[in-house]
Every structure is written in C-alpha cells, then in structure tokens.
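Here the structure comes first, spelled out in structure tokens, and everything after it is commentary.
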There are 2 protein chains.
Amino acid sequence: MTETSSGGTALRREPGRPLWEQLLEDLRLRLDADAFTHGFPGEHALVEEYGVSRHTVRQAVKVLRDEGLVVAGRGRPSRQAEPVEIAQRLGALYSLYESVRAMGLDQRSVVRSLGTRADGVVATRLGLEESTPLVYLERLRYAGDEPLALDRVWLPHSLAAPLLDADFTRGALYERYAELCGVVLTGGGERIQPILPTPAEHRLLGGSSTTAAFSIQRLGRAKRRPVEWRHTLVRGDRFALTTDFSRKDGYHLDLLGAPDRTDPRR
Amino acid sequence: MTETSSGGTALRREPGRPLWEQLLEDLRLRLDADAFTHGFPGEHALVEEYGVSRHTVRQAVKVLRDEGLVVAGRGRPSRQAEPVEIAQRLGALYSLYESVRAMGLDQRSVVRSLGTRADGVVATRLGLEESTPLVYLERLRYAGDEPLALDRVWLPHSLAAPLLDADFTRGALYERYAELCGVVLTGGGERIQPILPTPAEHRLLGGSSTTAAFSIQRLGRAKRRPVEWRHTLVRGDRFALTTDFSRKDGYHLDLLGAPDRTDPRR
DNA sequence: CAGTGGTCTAGACCACCGA
DNA sequence: CGGTGGTCTAGACCACTGC
C-alpha cells in the first residue's frame, strides 16, 4: 500500500501524528508545485493513491476546501480553485472595494505616480536587496466624486516591469498583475493602524486637518514569495471596521452612510 | 430506537434532509431551553439516545463546538460553554486583552469615574428613553506601567445598579455584570474607526499629540436586548489590527513588540 | 482505572452532474 | 448512464483526563 506512481509521498503511520494531517501536508506540497493543473483528484482516487480510508481523505481535503484552495460539489469532480480569488477576496482592501460597489458608486483612480525606483526599506520588506529596482504606483482612489483612499504599491521590477505601460485609472491591479506578468496572489497579510495623515496627505484625501485615517499595510505573496508591498490610507471619517458578534465573518471596512458615529449594527 | 427518556425528539429519517442537521436542530432547542445545565452529553451518550452512529453525532456537535456553544476535549467530558465566554471571546476588546496577557504583562485599571448619570444620546443607542438613568464607568487601562486604553461604559441603571459598589481595578466587567446582576452577554457588535484623541484624552493615554487612536464602539446584548454601550480608545502607536490571509480567524488587535511599523506576518 | 473525545477503517446507499 | 461528493453505519484502537 501507499506505493503509487503519481507523486504522493508514502504516509508513515506514526502514532501521535494524525494520518490526515500528513495527507494534508502532502497535498499542500503538490498544490504548491502545481501538480494538479489538470484537475484535483477525486476522493476515491485519493483513497486508492494513499491507501487510506475515505473518511481520512475527506478530513484532509476539508481543510483545503475551507481555505478555498479546492472547490468541490456533489456530482461534479473537484477542481483546484483559481488562486486569484483567494487573496483578492480577503482583507480590508477588498471589503473597501466591495462596500463602495454595494453603494452603487463609481470607483476610479487618479494615477499620481508610476515608474521605477529603488527603496531600501520596502525592498527589505519584500525580502529583496536594498538596491533592487521596484515598480512604484501611487493612486488616489475615488468613490463618486469623493476621494476615498491613497494607495501606494511597490512591486519587484523583475516581475512587474510590464505594468509600467498599463492604465490604472480603473481598479484591479491584481488582474493586470496576473494577465501581464503571470503573478497571482495566493497569500499574505495585513496590518491596520490609526494614524494622522501628513498635511500633504490631508490635501489629497480631503477632510479636516484633525481627521484620522486607517493605515493599511499589506504584504502580498505568490507561492510564499513576497510580490507586493502596499500602503493604503483610508479616510477615517467615512469608513469604519464593523462586525456583528453573531456572525463569524469578522470585520468589514464599510462606507458609512450618514455622517454619524453611532451604532454597531442590529 | 430513537425512543429514550431524556428529552431528545425522535429523528425522522427523511431523505433529502441530513440526519445530523435534524440532530443539530434538536440539540439547539435543548440548549436554548437550558436543558444541559448539568453537563452536555458525551458523544457516546448521544449515539445511544438518538440511535444514530457516532459519526453523525460528531458532525452535529462539531457545529456547536465551532460556534463556541459547547466545549470538549480529549479525555474530558463535554460541557456547555458559559455564554459569557461567547461574547467575551469576540471582538477587538477581547483580542486586546488576550494579546496583552500573551505578553505576560499585568493588566489593571484606574477607575476615573463610577456613578449614575443620564445621557440622552447613549440611552437612545441602548433603546431606552433619553432620561433613563445609566451607570457610567470610566477606566484607564494599563499594561504594565503603560496606559493602554481609555474605556467608557454605560449600562442601564435598572440592571447594573449593584455594580456601583464593585471594584473595577482588576478587569472583567462582564464577570461582575453576570455575578451581581445576572446579565450575561450573548451578542452585539463593534465599530472601529481611527480618530485623533482630544488633548484631555491624550494626557491620559500618553503618546504625542499627533498619535492617533482606535475608537472602538461596542453595543452588547443579552438575549437581543441591549445592555451595554461601550466606547474605548486604544493607543494607535502600540497596537495594530493584523491578519494573515492564509488563516481565517480574521483580525486581531495585537500589541506591537518593537516600535516599528513594518511587516504583516509570515 | 474507566470514560472521554480523536482518529481510522471498510464498507454502504444516495443525490446530483455531465456526457 | 457512470462517477462525483454527501451522508451514514458499526465497528475499532488510541491518547488523554480525572478519579
């Protein structure tokens, strides 16, 4: 058993370490290696391939499905999910985009800067040499006629050079990053802090000089490799992170309807 | 089968509707009716009581555990979770408390105000008449020797009067609210915005006059009824909301180790 | 020690989907 | 139709907890 062709590593039955965990780990490795471009194996196939019971297979695959890496449904064979959706659908930036869209407002950007530069600090955050050239994109995002956010993105020049001629007045950096450069986000993280924008930033964003802002710093990864550093400033007087304890979907960055600072929903 | 004493409704085997879903529904009814105050039944007990397989039982119970309504662990019998924990375990305030605890710092508060007052705006948010008397508690929370947060709470006087003599220098408003008043939070919501504290608030919290803060507004409910309005200011230079896209547990309010403003984790 | 939940097996039938 | 995932059974052994 456990001896098959396709590429699954043999599972050693150690006590203390669940079998399904080893199976999960192995599947992750194969996903990272793009071994399933022609379709993710079915559950019965995995049962045979690894020589474990179906229950064990389902326990491992469930984790991947919960993470959105694999999609499956009754009747249809399992497929590997498009990685784009994963990273794009997460984080405060996406919920910002979504909440504005939900209000029916037009979203566009004014490109304030697009070019190549070196930045030692950002390069280090991306795990690159300090002198590594980076593509820098600075946009002021609007919803309707109002400025919403100041968005600054640094990308490795070696990957993102084709973006230097692209048009960014209408959203979706990630789409172009994928189309033109073949870079697809699969992970990363965010950090949000409250800050007081500089006078220059205040002039761009609008609002009074004592209006604070969300500072959202985001590191994007493609296959564990950092491919994006982003620093976005969002007006604090028109947006809020909200959550309802009875649901479990965490915080959303929502556009505030009326100019009040009152009630958590429901 | 399926005929037992304790109170479980018989499960009808309809096709199309999963058995575990019916079981879950029945368990929820019994939870709502406080039928498990002397301990939640073990899995094997449920197998016998409902006449289904253990797998089916686990599938139903898993949902309750994910929701935090039931706690279980290897070796120990299952217990119904204290409802307090549910609401307390959620939201930025709890993750603030947890992250400070994780750093091994002592958490205490200085009570700046505790008394009865009327506040039309807050009363309205609590769904009360404007003139309704409220218990007002204002505390400055410390971690170690550093001020962390300024915490202001309004509670309906009709419920919270016994708290007027309580000692709040050491955390856990909710514990006392439950002990002394029989009020246990079961739901609610939060809203987080970045703000610039007033000079008076700055003096309390410390930090420079241009340091922004998280403004956390929280409405707490017990059985749908609003029982708490809270407004907390958290220093923005020492805390951040962070998340990792590869996990799904949403944002956490974390104490920043070093005074840097750099990388989203991993 | 006995009882708990965690893991795992080897089956089975079904609802659903695409060809 | 055949193959998929969804559900369910009736067992089993183990690790851990508390007495």
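Proteins come first, then strands; the chains are lettered A, B, ... in the order of their sequence lines, and each starts at number 1.
- Distance B:His44 NE2 to C:dA2 P: 15 Å, rounded to the nearest Å.
- Rounded to whole Å, atom P of C:dT9 lies 14 Å from atom CD of A:Glu48.
- No salt bridge links A:Arg230 with A:Glu190; every basic N to acidic carboxylate O contact stays at or beyond 4.0 Å.
- Distance B:Glu43 CD to C:dT7 C1': 11 Å, rounded to the nearest Å.
- What separates CG of A:Leu23 from C1' of C:dT7 is a distance of 14 Å, to the nearest Å.
- For the pair B:Leu163/B:Tyr177, a side-chain contact is recorded, criterion being any heavy-atom separation below 4.5 Å from C-beta on.
- Checked against D:dT9, C:dA10, C:dG6, the side chain of B:Ser53 finds its nearest nucleotide in D:dT9.
- In this structure, A:Leu46 atom CG and D:dT4 atom C1' are separated by 13 Å, rounded to whole Å.
- With hydrogens and angles left out, the side-chain atoms of A:Arg141 and A:Gln107 include a donor and acceptor closer than 3.5 Å.
- In summary, A:Arg28 and A:Glu21 do not engage in a salt bridge, as defined by a charged side-chain N under 4.0 Å from a carboxylate O.
- The distance from atom CD1 of A:Ile192 to atom CZ of A:Arg218, rounded to the nearest 0.5 Å, is 10.5 Å.
- When atom types are taken as modelled, the side chain of A:Arg125 and the backbone of A:Pro226 share no donor-acceptor pair closer than 3.5 angstrom.
- Between B:Ser78 and the phosphate of C:dT4, there is no side-chain N or O to OP1/OP2 separation shorter than 4.0 Å.
- B:Thr169 is not listed as a side-chain neighbour of B:Val110, based on a closest heavy-atom distance of 4.5 Å or more.
- Between the A:Arg176 side chain and the A:Asp167 main chain, a donor and an acceptor come within less than 3.5 Å of each other.
- Among the protein residues, B:Arg65 comes within range of the sugar-phosphate backbone only, with heavy atoms under 4.0 Å from sugar or phosphate atoms but none that close to a base.
- Taking every heavy atom of residues 54-63 of chain A and every atom of DNA chain C, pairs under 4.0 Å involve A:Arg54, A:His55, A:Thr56, A:Gln59, by number.
- B:Tyr142 places no side-chain N or O within 3.5 Å of a backbone atom of B:Asp106 that could act as its donor or acceptor partner.
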Which pairs, protein N/O on one side and nucleotides 17-19 of chain D N/O on the other, fall under 3.5 Å?
none

